[in-house]
Amino acid sequence: MNMNQVRVRFAPSPTGYLHVGGARTALFNYLYARHHQGVFVLRIEDTDLARSTDASTQAILEAMKYLGLDWDEGPEKGGGYGPYFQSERLDLYRRHADKLLDSGRAYYCFCTPEELDQIRQDAVSKGRDPKYDGRCRNLTEAQQQQFINQGRKPVVRFKADYHGSTLVDDLIRGKVTFDNNQLDDFVLVKSDGMPTYNFAVVVDDALMRITHVIRGEDHLSNTPKQIQLYEAFGFAVPRFAHIPMILGPDRARLSKRHGATSVGQFQEEGYLADAMVNYLALLGWSYDDSQTLFRKAELVEKFTLAKVSKNPAVFDLPKLQWMNGVYIRELSLEQFYQQALPFFQSWGFVPQEVSPELESKVKHVLRILQERIKVLSELKEASYYFFQDQLHYDEKAVQKVLDKEGAVEILHSLLPELLAAKDYTQEKLEPIFRKAQEQHQCKLATVIQPVRVAVTGTNVSPGIYDVLAVLGRAKTCQRIKDALELIKQRQGGSASVQG
RNA sequence: GCUCCCAUCGUCUAGGGGUCUAGGACACCGCCCUCUCACGGCGGAGACAGGGGUUCGAAUCCCCUUGGGAGUACCA
């Protein structure tokens, strides 16, 4: 094995869905691994029994797959450094805790939560930092036995070194030093036997031969503790790279209350994986002063930690939407169809089995809508009138167009022409409208808009000839008749109100 | 409270002593294209947090202030 091979990992805890912040961390790890022909490990940190769920694990795996962040080792994949679920590595943590216990770098602590609380309060009231005072450091065998007899379950604490300072040589932030007197004897193994994060992460990263730990900046403050652990074990310390946080529009750490933040939600709303990846990459990373659009392969080629910025980034939905629109427009019709079909099916516009005729109709619809949507879910409102008979008239559009004087005449004059048109295509349709325009001596819009509202229910749609061609002669004529009827009713209604 | 990180247009950022009257992208505004909406094209407005230094010269280096963020758990 190549000892210089880059090995990075993404280590989410399955306590919820994959968050965009986590996804960005996963992406940076993935890009770094691929850029260096390294190994990308996925490890599930499920040591919090109370909050970890299998459903969350599945959701995270699915989100990773959706984004195309395929891992080389981990769940469903295996690998030479497993298991990749922390809950299956308990014996490893136990063994390593014992090593520290044997070497005198760890000890059992029998303090209860109440006592710990008291210790903290006392410290604060005396103007000291709220740290554990190490009172269990030198318990005698007899004292320990006494606690055990009382039924107290101990935790294992690390015997921290309070002298000197610890240097974190961060690939993004440079050299950061921490005074060791800030540390306290933190817990390694909880009373239920599970390892704490700071302990498990060190054991796992060391055993899994992780060379570069790329993670959120929120972990920077934990790093000195972890470095002390690496040193206590005699493990090689990996390189660290702490990437900036992602914030909401209010500059607070991005969370659910800022709206959609789970990757799965974005997928459901119809954001393309490539757009998502591109946008996420730009949150804290840039290439030069002009390029913003990057294909995945290009990101792999160009990604470096040196170009990762230090400042936190605000998640900007409008920019993601714009970018998604760009990617949608770049799709071939076939690709667009493959992406959109599940959405149409979920809305009941299209059955599971798609006939060739229907497929070509859907593709026609997609072709005329492609440059008009930014997110796939917009397709629902934008295209329902092609698939459903029941029209929802937009009141404003009706008022603005159908209620206008002349609308009835125009629709009346168009009807026979449309019925008589040889072929129902763009080429044959256009002259009909041009002719009507001349007859009525008005702008083209004046003849088109009433038809648009009659046929779609709104005054916004793709080009009218396209719309009519997709809809077909029978439906357009029927809808024009319906609209005429609607106008009649409205005029009758308003007349009676006036009278 | 203590510790650590960060600070360029509203947002993401380029910039790493002179080429900066600070560049790009999104958003915003205007115009063009046009059957509506989009797309596209053109143009506009918009930033170096403040104060001290260092230097011939500072957005770029140092210090302080201010502001924001994170950590300080038997959560990860």
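Numbered from 1 within each chain, the chains take letters A, B, ... in sequence-line order.
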**Asked** What does A:H219 touch in the nucleic acid at a heavy-atom separation under 4.0 angstrom: a base, only the sugar-phosphate, or nothing?
**Response** base
**Request:** Indicate, yes or no, whether a donor-acceptor pair under 3.5 Å links the base of B:rC4 to the side chain of A:S221.
**Result:** no
**Prompt:** Phosphate oxygens OP1/OP2 of B:rA76: is one of them under 4.0 Å from a side-chain N or O of A:R215?
**Reply:** no
**Prompt:** Is A:S290 touching bases, backbone alone, or none of the nucleic acid, heavy atoms closer than 4.0 Å?
**Reply:** sugar-phosphate
**Request:** Can you tell me the pairing partner of B:rG1 across any strand shown, Watson-Crick or G-U wobble, with both distances under 3.5 angstrom?
**Result:** B:rU72
**Asked** Counting any heavy atom closer than 4.0 Å, what does A:V176 reach on the DNA or RNA strands: base, sugar-phosphate only, or nothing?
**Response** sugar-phosphate
**Message:** Less than 6.0 angstrom separating the ring centers of A:H219 and A:Y197, yes or no?
**Reply:** yes
**Prompt:** Which part of the nucleic acid, if any, lies within reach of A:I464 when heavy atoms closer than 4.0 Å are counted: base, sugar-phosphate only, or nothing?
**Reply:** base
**Asked** Looking across every strand, which nucleic acid part, if any, lies under 4.0 Å from A:G325 by heavy atom: base, sugar-phosphate, or nothing?
**Response** nothing
**Request:** Flag the pair A:R89 and A:D204 as a salt bridge only when some basic side-chain nitrogen lies within less than 4.0 angstrom of an acidic carboxylate oxygen.
**Result:** yes
Report, one line per pair, each donor and acceptor closer than 3.5 Å where one atom sits in a side chain of residues 367-374 of chain A; sequence neighbours left out.
| from | atom 1 | to | atom 2 | distance (Å) |
| --- | --- | --- | --- | --- |
| A:R367 | NH2 | A:H364 | NE2 | 3.2 |
| A:Q370 | NE2 | A:I328 | O | 2.8 |
| A:Q370 | NE2 | A:L331 | O | 2.9 |
| A:R372 | NE | A:I368 | O | 2.9 |

**Prompt:** Considering only side-chain heavy atoms of A:Q182, which listed nucleotide, B:rC35, B:rC74, B:rU3, is closest?
**Reply:** B:rU3
**Request:** Tell whether A:K319 reaches the base of B:rA27 with its side chain through a donor-acceptor pair below 3.5 angstrom.
**Result:** no
**Message:** If you compare every side-chain N and O of A:K190 against the phosphate oxygens of B:rA76 (OP1, OP2), does one of them come in below 4.0 Å?
**Reply:** yes
**Message:** Under a 4.0 Å threshold between the charged nitrogen and the carboxylate oxygen, would A:R94 count as salt-bridged to A:D98?
**Reply:** yes
**Complete:** The Watson-Crick or G-U wobble partner of B:rG18, with both key distances under 3.5 Å, is B:rC56
**Asked** Reckon A:R43 touches a base, only the sugar-phosphate, or nothing at all at heavy-atom distances under 4.0 Å?
**Response** nothing
**Complete:** Whichever of A:R434 and A:P130 has the more 5' nearest nucleotide on RNA chain B, that residue is A:P130
**Prompt:** Would you say B:rG69 has OP1 or OP2 under 4.0 Å from some side-chain N or O of A:K310?
**Reply:** no
**Request:** Would you classify A:S286 as touching base, sugar-phosphate or nothing, given that sugar-phosphate means primed atoms plus P, OP1 and OP2, and contacts are heavy atoms under 4.0 Å?
**Result:** sugar-phosphate
**Asked** Counting any heavy atom closer than 4.0 Å, what does A:T15 reach on the DNA or RNA strands: base, sugar-phosphate only, or nothing?
**Response** nothing
**Complete:** By the Watson-Crick or G-U definition, both distances under 3.5 Å, B:rC33 is matched with none
**Prompt:** Can you find an N or O donor on one side and an acceptor on the other, under 3.5 Å apart, linking the side chain of A:R372 with the base of B:rC37?
**Reply:** yes
**Asked** For the pair made of CH2 in A:W322 and C1' in B:rU11, what is the distance, rounded to whole Å?
**Response** 13 Å
Please table the atom pairs, donor to acceptor, closer than 3.5 Å between any side-chain atom in residues 453-465 of chain A and protein atoms at least two apart or in another chain.
| from | atom 1 | to | atom 2 | distance (Å) |
| --- | --- | --- | --- | --- |
| A:T456 | OG1 | A:R452 | O | 2.7 |
| A:T456 | OG1 | A:T458 | N | 3.1 |
| A:T456 | OG1 | A:T458 | O | 2.9 |
| A:T458 | OG1 | A:V460 | N | 3.1 |
| A:T458 | OG1 | A:V460 | O | 2.9 |
| A:S461 | OG | A:R452 | NE | 2.8 |

**Asked** With a 4.0 Å cut-off on heavy atoms, is A:C442 in touch with a base, just the backbone sugar-phosphate, or nothing at all?
**Response** nothing
**Request:** Take atom C1' in B:rC20 and the same atom in B:rA47, then report the distance between them in whole Å.
**Result:** 13 Å
**Message:** From CG of A:N198 over to C1' of B:rG71, roughly how many Å is that when rounded to an integer?
**Reply:** 10 Å
**Request:** Specify whether A:F266 and A:Y271 have parallel, tilted or perpendicular ring planes, treating 30° as the upper limit for parallel and 60° as the lower limit for perpendicular.
**Result:** perpendicular
**Request:** For the residue pair A:F28 and A:F303, categorise the inter-ring angle as parallel (less than 30°), tilted (30 to 60°) or perpendicular (more than 60°).
**Result:** tilted
**Item:** Partner nucleotide of B:rA7 by Watson-Crick or wobble geometry (both distances under 3.5 Å)
**Value:** B:rU66
**Item:** Watson-Crick or G-U wobble mate for B:rC28, both contacts under 3.5 Å
**Value:** B:rG44
**Asked** Is there a donor and acceptor pair closer than 3.5 Å between the side chain of A:R173 and the base of B:rC5?
**Response** no
**Prompt:** Out of B:rC35, B:rC39, B:rA76, which has the shortest distance to the side chain of A:K374?
**Reply:** B:rC39
